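Lettering of chains follows the sequences in order, A, B, ..., and the numbering in each one begins at 1. Quick caveat: nothing in here was measured; it's all calculated off a predicted structure.
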Protein chains: 2
Amino acid sequence: MSTLAQSKADLERASTAQKVADMLRERVLLGELEPGLRLSEEAIGGALGVSRNTLREAFRLLTRDRILVHEHSRGVFVRRPTGDDVRDLYAARRVIEGGALRLWHTVGDAQREAVRAPVRQAVARAEKNDFSKTGSANIQFHRGIVGLAGSARLSDESDRLFAELMLAFRVAHEVEAFHQTYLPWNRKIVELLNNGTVEQAVQQLDEYFDAAEQDLVSRLVAD
Amino acid sequence: MSTLAQSKADLERASTAQKVADMLRERVLLGELEPGLRLSEEAIGGALGVSRNTLREAFRLLTRDRILVHEHSRGVFVRRPTGDDVRDLYAARRVIEGGALRLWHTVGDAQREAVRAPVRQAVARAEKNDFSKTGSANIQFHRGIVGLAGSARLSDESDRLFAELMLAFRVAHEVEAFHQTYLPWNRKIVELLNNGTVEQAVQQLDEYFDAAEQDLVSRLVAD
DNA sequence: ATTGTGGGATTGTTGAACGATTCTACGATA
DNA sequence: TATCGTAGAATCGTTCAACAATCCCACAAT
């Protein structure tokens with residue numbers, strides 16, 4: 001069964017627009033294309049060897065993911081989140097992740113492990129002074145929390161929220177902080193979950209969101 | 001200030017693709033284009049007088065809203081939600097609306113009124129045997145609940161979930177039931193909220209979701 | 001009944017074209 | 001000097017035409 005699913009994935013050729021969109025998304029999230037930058041149809045299309053029409057389809061896909069913003073007759077720009085955007089993002093995360101966390105005692109162990117494992121691995125690496133994959137570990141932790149809900153739609157939307165938040169950190173020149181200060185919070189949350197005190201875990205998560213939002217907003221308005 | 005915002009809205013001309021997408025979305029949600037129907041680029045484009053490229057942009061917009069599904073080299077189809085889709089949708093709603101409802105005691109009266117008012121108006125109309133706008137009233141109620149979170153992104157995503165759910169009801173030939181059986185539940189929820197017993201309101205909402213999901217799924221698999 | 005194997009229809013992608021809109025730089029006016 | 005207006009360049013919005021790639025369907029072969 002899993003082999004069938006795998007071969008199906010192989011068969012699902014991505015369209016040109018999809019491939020272009022994936023490439024551009026990676027470039028943006030890696031910081032090679034700075035927030036606020038305008039993406040010229042002619043320049044990008046020429047560099048990538050695709051026609052304007054195909055490129056515009058790729059732009060639509062990324063606009064949908066809030067990676068780019070479209071302004072009529074002006075073009076598309078790499079999104080540059082504001083303080084209001086950050087507040088909106090954390091308001092959404094509080095509801096989604098808080099609501100998902102409260103399902104802790106209703107889900108199976110596989111879903112719980114998706115929350116515990118990223119923290120455990122991050123702790124193990126930190127003890128060896130290995131901070132290489134510390135960034136993606138945090139995201140995996142929060143993806144695991146959302147996954148408790150058991151909704152692919154919710155997980156997809158959360159991925160978009162994470163990506164947009166990453167852009168905000170980049171605007172604030174705080175990409176490193178995003179990847180380093182979270183670990184104590186996450187350990188505490190997992191500990192509370194393992195104790196069965198879910199409501200306290202939710203409260204801890206809320207406090208983390210409060211601290212992260214406040215820090216990020218202050219750095220954005222100062223800019 | 002409001003006049004400025006209004007004139008700005010006037011200036012924001014929708015693109016042709018956007019207008020076409022809005023028209024098609026309305027057609028689909030009104031049931032004029034049945035779930036599963038394939039939308040031919042040539043036929044639709046010819047009928048609406050727009051080029052294939054512009055129409056394809058409109059298709060992309062509706063695909064992002066999960067109104068249409070795109071299959072490579074096969075075309076786009078009106079989405080036809082399955083039982084698994086419905087389960088996914090309600091899993092997402094449970095987390096989002098449950099999480100939002102728990103913010104009841106933290107929000108201002110304007111946001112609370114956005115929850116109460118739709119139910120009050122629906123009750124008033126029902127007493128006069130007026131069931132005309134009973135459908136949108138239910139949606140407004142749930143939009144109000146999501147609005148408690150104070151996140152435009154979350155509200156937008158919820159609108160997409162509602163639209164997709166409407167398609168599921170259409171597949172199950174239960175559009176009317178969707179608009180009629182909800183009122184007692186909603187009244188009870190508002191009553192519990194006014195009493196300050198938020199957790200009981202959340203529980204009541206969960207029970208409503210359980211009942212609605214089970215009913216809808218059973219009608220879908222029977223099809 | 002199942003499995004090739006064609007032709008026909010539809011989509012994927014490209015390139016060019018032209019009107020519409022925005023941006024920019026330069027000069028006019030107070 | 002600063003503000004304003006305007007012409008020209010650059011870019012976007014949309015359409016059209018073309019061709020390759022893919023899918024669908026009917027028919028024949030086993």
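For B/Arg143, the CZ atom counts as loosely surrounded, since its 6.0 Å shell holds 12 or fewer non-hydrogen atoms of other residues, nucleotides or ligands. The neighbour count for B/Arg66 CZ, taken as heavy atoms of other residues, nucleotides or ligands under 6.0 Å away, is above 12.
Look at CG on A/Asn53: it is 10 Å from C1' on D/dG13, rounded to the nearest Å. Rounded to an integer number of Å, the gap from A/Leu55 CG to C/dG15 P is 13 Å. As rounded to whole Å, 10 Å separates atom P of C/dT14 from atom CD of A/Glu57.
Looking at A/Asp85 and A/Arg80, no side-chain N of the basic residue comes within less than 4.0 Å of a carboxylate O on the acidic one, giving no salt bridge. Under 4.0 Å is where a charged nitrogen must lie from a carboxylate oxygen, and between A/Glu164 and B/Arg153 at least one such pair does.
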Salt bridge (Lys or Arg N to Asp or Glu O under 4.0 Å) evaluation trace for B/Asp156 with B/Arg160: CA-CA 7 Å; B/Asp156 285 349; B/Arg160 283 189 274 274; 5.7 Å; no
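The side chain of A/Thr54 contributes no N or O atom lying less than 4.0 Å from OP1 or OP2 of C/dT13.
Close placement of the B/His142 and B/Tyr208 rings is indicated, their centers lying within 6.0 Å of each other.
Backbone-only contact: B/Gly49 has heavy atoms under 4.0 Å from sugar-phosphate atoms and none from a base.
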Using a cut-off of under 3.5 Å, enumerate the N/O to N/O pairs linking the protein to nucleotides 6-11 of chain C.
{"residue": "C/dT10", "atom": "O3'", "partner": "B/Arg38", "partner atom": "NH2", "Å": "2.4"}
{"residue": "C/dT11", "atom": "OP1", "partner": "B/Arg38", "partner atom": "NH2", "Å": "3.0"}
{"residue": "C/dT11", "atom": "OP1", "partner": "B/Glu41", "partner atom": "N", "Å": "3.3"}

